[in-house]
*Asks:* 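My questions will all concern the structure given below.
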Protein chains: 2
Amino acid sequence: MKGTVGELGEFGLIRELTARLTSSPAVRLGPGDDAAVVAAPDRRVVATTDALVEGRHFRRDWSTAYDVGRKAAAQNLADIAAMGAVPTAVLLALVVPADLPVTWPVELMDGIRDECQVAGAAVVGGDVVRGDTIMVSITALGDLRDREPITRSGARPGDVVAVTGWLGWSAAGLAVLSRGFRSPRAFVEAHRRPEPPYHAGPAAAELGATAMTDVSDGLVADLGHIAAASGVAIDLSSADIDIPAQMADIGQAVGVDPLHWVLTGGEDHAIVAAFPPDTKLPARWRVIGRVVKATTAPQVTVDGAPWDKAGGWDHFGAE
Amino acid sequence: MKGTVGELGEFGLIRELTARLTSSPAVRLGPGDDAAVVAAPDRRVVATTDALVEGRHFRRDWSTAYDVGRKAAAQNLADIAAMGAVPTAVLLALVVPADLPVTWPVELMDGIRDECQVAGAAVVGGDVVRGDTIMVSITALGDLRDREPITRSGARPGDVVAVTGWLGWSAAGLAVLSRGFRSPRAFVEAHRRPEPPYHAGPAAAELGATAMTDVSDGLVADLGHIAAASGVAIDLSSADIDIPAQMADIGQAVGVDPLHWVLTGGEDHAIVAAFPPDTKLPARWRVIGRVVKATTAPQVTVDGAPWDKAGGWDHFGAE
């Protein structure tokens, strides 16, 4: 496929992008009309939106368009799963410069489509407009399957805190890329293309999770949101937090305590939840801490002490 | 309110924005968690997304943040109405430069909120990220109230084509602004803040509309979408198209045939629909044409002849 998006034009590009899409059982009316229609079997729909901006959330020299697409879809689909819902559909608003090669949005769309398929969803609509900087804004929808949403506010003292998915891999991969390296591949890949444990969200709801979130700002920061919303404190046990040997090696090579990546790296979209203490958790969940009464303000501690390193990700904070 | 969004920070800005929101009966869980939950009473949800980019879709010296918010919400809510659905909720993804005064996104949010209230919807979630150019991406959701969606593909030869809402007012207002004027006020206001006839979408569905769309690319262009999707031709009667005297005056002043604004101006978000010929249309609908058999390709004609002026709006076309 040759040429720029400016040469192809808006309608040509939309045709090119929609031609690549697949459907899913929830799609009642797909792209091409004023709006799409998606099944909402339990009379409610879960909805979330997130935007990625070139230079801030991805770099074209570090990630392919396909990987950006998978990542952009993944971070929204993970938010749906973290409510205990099953993703059904995705909408895309895309800003692209006129001189961008057509292959870029086309491969982006392939990535979004493929990540949607992993999660059981489909792209049902979108908008493409011209601008100076690439911006990928995705809205994901989901179905709660007649369960109540698992919010951040239900954690109770005595609950165990457990996590499933990857923690710190994306942050370690970013540290490697930032220093000009392209390996170890597993970490670089984890940065380029997270693999959120979508199935675990609805499964946690079924297991009786009292509070849940996906780890997008960093484990300590996101558990901080649960602590604040629930009015509790959370204490993590560093002995229960697994640091893979290879991550320890990278940490040593670049001079970073790998626990920092695990506690503050967000983009893996692991899912962390609080469960009643007697919950029989499947092996894929690792208990890493406990909900306790907030003695002063709601907070997250590690081994009983505040975690004093940079805590998570503020989009307007220092780079 | 003082300072820039960079000084306030991401979480501070989100707090500031969500504090201004109102709810609506459809909101089951509003902003502040991983995702929102919105009622979808008829087991389906209608969903659409559109993005506005500064410099391309709005200018800060021509429109206030409040007006940009109303317009951004309006164009999405109009898409929901044009399916025959009632808007329920809106999500916002916002890209803002760090040096932007906090008042700008705050007033934008006021505009989005107020336009949502006009349409009966509420803002339920969003994302705020930093970037060099302001970008406002909105997703709107709606409920079909147990009716089938009115798509673009159901128009049949013999149907009448009728429109409700404003046509050409925004385009005339833009022409005025582009020439450095700020009046006539009614047209400039129409450009800054369209007033889509939201109620008319569900009402048209109830009246038996066979095809419907909102006029966002221009009347001829959008009817072209209906003609193509339905495999028909549409002939408009220029005698039935109302040109307000004041619009004729502006046309003369700036040297533009006002029929051009009416036929190609898109941003008023009027609603145009095809109805069976025996439909008793309320007075707010003006019959402007007729669906006929496509003799060659599906097309839109005016008084039997092709409309040869620039036909609508291609976001990657010439400025």
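Model, not experiment: these values are computed from the prediction. So that the names make sense, note that chain A is the first sequence line, chain B the second, and so on, each numbered from 1.
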*Asks:* Name the option with the most non-hydrogen atom pairs under 4.5 Å to chain B; the candidates are A:Glu54, A:Arg152, A:Met135.
*Replies:*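 Looking at each of A:Glu54, A:Arg152, A:Met135 in turn, A:Arg152 comes out on top.
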*Asks:* Would you mind checking which part of B:Ile226 comes under 4.5 Å of any heavy atom in chain A, side chain (CB onward), backbone (N, CA, C, O), both or neither?
*Replies:*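 Neither part.
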*Asks:* Show the nearest heavy-atom pair for residues B:Met212 and A:Asp33, with the distance to one decimal.
*Replies:*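 Shortest heavy-atom contact: O-OD1, 4.4 Å.
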*Asks:* Is it the side chain or the backbone of A:Val46 that comes within 4.5 Å of chain B heavy atoms, both, or neither?
*Replies:*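 Both backbone and side chain of A:Val46 come within 4.5 Å of chain B.
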*Asks:* Just so I understand: if I count every heavy-atom pair under 4.5 Å between each of A:Val124, A:Thr88, A:Val38, A:Thr133 and chain B, which residue has the most?
*Replies:*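 Of A:Val124, A:Thr88, A:Val38, A:Thr133, A:Val38 has the most heavy-atom pairs under 4.5 Å with chain B.
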*Asks:* Return yes when atom CZ of A:Arg60 has more than 12 non-hydrogen atoms of other residues, nucleotides or ligands closer than 6.0 Å, and no otherwise.
*Replies:*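 Atom CZ in A:Arg60 is crowded, with more than 12 foreign heavy atoms closer than 6.0 Å.
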*Asks:* How about A:Asp34 and B:Thr213: does a side-chain donor come under 3.5 Å of a side-chain acceptor?
*Replies:*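 Per modelled atom types, A:Asp34 and B:Thr213 side chains form a pair under 3.5 Å.
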*Asks:* Using a 4.5 Å cut-off on heavy atoms from C-beta on, say whether the side chain of A:Asp132 contacts that of B:Asp132.
*Replies:*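 Answer no - side chains too far apart.
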*Asks:* Are A:Thr49 and B:Asp127 close enough that a side-chain donor and a side-chain acceptor fall under 3.5 Å?
*Replies:*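 The criterion, which ignores hydrogens and geometry beyond distance, is not satisfied for B:Asp127 and A:Thr49.
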*Asks:* If you count every heavy atom of other residues, nucleotides or ligands that lies below 6.0 Å from A:Arg147 atom CZ, does the total exceed 12?
*Replies:*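 Atom CZ in A:Arg147 is crowded, with more than 12 foreign heavy atoms closer than 6.0 Å.
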*Asks:* Taking all non-hydrogen atoms of both residues, which atom of B:Val129 and which atom of A:Ala51 are closest, and how far apart?
*Replies:*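 It is CG1-O, 3.8 Å.
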*Asks:* Below 4.5 Å, heavy-atom pairs only: which of B:Ala36, B:Gly125, B:Ala93, B:Gly32 has the largest tally toward chain A?
*Replies:*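 Most pairs with chain A among the choices: B:Ala36.
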*Asks:* Report the C-alpha separation of A:Arg43 and B:Asp42 in whole Å, then their side-chain angles, then the decisive distance to 0.1 Å, and conclude whether the salt bridge (charged side-chain N to carboxylate O under 4.0 Å, His left out) test is met.
*Replies:* CA-CA 6 Å; A:Arg43 299 182 189 271; B:Asp42 89 346; over 6 Å; no
*Asks:* When rounded to the nearest 0.5 angstrom, what is the spacing between CD1 in A:Ile138 and OG in B:Ser137?
*Replies:*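 Spacing of CD1 (A:Ile138) from OG (B:Ser137) equals 10.0 Å.
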*Asks:* What's the shortest heavy-atom distance between B:Ile80 and A:Ala35, and which atoms?
*Replies:*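 Here B:Ile80 and A:Ala35 meet closest at CD1-CB, 4.4 Å.
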*Asks:* Would you give the length of the straight line joining atom CG of A:Leu29 to atom CE of B:Met83, rounded to the nearest 0.5 angstrom?
*Replies:*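 Going from CG on A:Leu29 over to CE on B:Met83, the span is 5.0 Å.
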*Asks:* Using heavy-atom distances under 4.5 Å, tell me whether A:Val95 contacts chain B through its side chain, its backbone, both, or neither.
*Replies:*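 For A:Val95, side-chain heavy atoms alone lie under 4.5 Å from chain B.
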*Asks:* State, with a plain yes or no, whether a side-chain heavy atom of A:Val37 is found less than 4.5 Å away from one of B:Leu144.
*Replies:*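 Yes, at least one pair of side-chain atoms sits under 4.5 Å.
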